[in-house]
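Since the structure comes first, as structure tokens, the remarks are kept for the end.
Atoms within a ligand are numbered from 1 in the order they appear, just like the ligands themselves. Count residues from 1 along the sequence. Just the heavy atoms: all of them, side chains too, but no hydrogens, waters or symmetry mates, feed the values below.
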Amino acid sequence: MSMRIVLKARVYWKQREFQRIMSAIASRLQAVRDRIARAARDFGRSPREIGLLAVSKTWPVDCVIEANGAGQRSFGENYVQEGVAKVLATAGLGLEWHFIGPLQSNKTRLVAEHFSWVHSIERMKVAERLSAQRPDDLPPLSVCIEVNVSGAATKSGCTPGEALALCQAVSALPRLKLRGLMAIPAAADDFAAQRAPFRQLRELRERIRAAGLPLDTLSMGMSHDLEAAVAEGATIVRIGTAIFGERRHP
Ligand SMILES: *Cc1c(COP(=O)(O)O)cnc(C)c1O
């Protein structure tokens with residue numbers, strides 16, 4: 001085969017693959033909504049209490065637009081550069097962007113300027129910079145404190161013992177609005193094992209509420225464990241794979 005034909009075949013294959021991914025998004029999104037609704041019903045909750053954050057990291061902006069066409073409005077990104085590019089490319093669509101990845105203090109400005117939420121606050125330095133850098137013409141940045149619950153998948157997040165003091169300090173920052181807690185437990189297959197760290201996060205939120213901070217958010221649950229998170233009171237589930245498919249690059 002000539003080089004030309006090989007290249008043409010590759011372009012054709014890529015386009016076919018792209019169309020396949022796109023047409024799957026709307027039906028996958030509906031399947032995720034159905035899972036949330038069923039779990040809510042099973043555990044005596046209203047599906048309206050549970051927000052769906054579509055995690056679009058590694059996927060091209062066309063996938064975001066496709067999901068938005070199917071009614072999805074809130075999107076989550078892990079990497080600053082990639083996320084900001086998608087925020088800018090979709091300006092005007094009225095999307096709500098959540099930053100959910102590890103955040104270094106030298107990258108806070110772009111996040112403060114382009115996102116509505118940050119779920120991954122684990123230290124005061126990052127929170128202070130986000131508050132100082134939040135533009136005056138935008139509403140306060142909604143934030144969650146990431147907690148390293150037992151069996152966490154990553155080393156990120158404050159310890160449960162540090163969470164109350166961090167919440168108190170963050171809630172005093174003028175341009176942040178403290179919303180709640182976030183966790184990323186390690187994947188487990190057993191439903192009871194999945195629930196345990198989510199229960200720990202829920203109970204931690206109850207203790208922090210009892211100390212007088214009105215936290216309205218529990219950001220927990222991903223593609224493989226959203227039912228367990230809903231069972232334990234999740235108010236935002238963060239779903240990537242079940243909507244967009246398997247990521248090829250982590
Ligand atoms: C990637 C990611 C998700 C989505 O995970 P899936 O298993 O693909 O649903 C959720 N939360 C965070 C913090 C992530 O990094």
Exercise. Taking any residue with a non-hydrogen atom under 4.0 angstrom from an atom of ligand 1, which ones do you get?
Worked result: Val55, Lys57, Asn78, Ile100, Ile184, Met222, Ser223, Arg238, Ile239, Gly240, Thr241, Arg247

Would you give me the side-chain donor-acceptor pairs under 3.5 Å for residues 204-211, sequence neighbours excluded?
residue: Glu206; atom: OE2; partner: Arg202; partner atom: NH1; Å: 3.3
residue: Arg209; atom: NE; partner: Leu215; partner atom: O; Å: 2.9
residue: Arg209; atom: NH2; partner: Leu215; partner atom: O; Å: 3.1

Exercise. Would you find a donor on one side and an acceptor on the other, under 3.5 Å apart, between the side chain of Lys86 and the backbone of Glu77?
Worked result: no

Would you be so kind as to tabulate the donor-acceptor pairs closer than 3.5 Å made by side chains of residues 136-143, with sequence neighbours excluded?
residue: Ser142; atom: OG; partner: Arg179; partner atom: NH1; Å: 3.0

Exercise. Is the number of heavy atoms from other residues, nucleotides or ligands under 6.0 Å of Asp189 CG greater than 12?
Worked result: no

For this session: Tell me, please, which residues at least two apart from Glu49 pass salt bridge (charged side-chain N to carboxylate O under 4.0 Å, His left out).
Result: Arg45

For this session: Look at the rings of His98 and His119 and say which category their plane angle falls in: under 30° parallel, 30 to 60° tilted, over 60° perpendicular.
Result: tilted

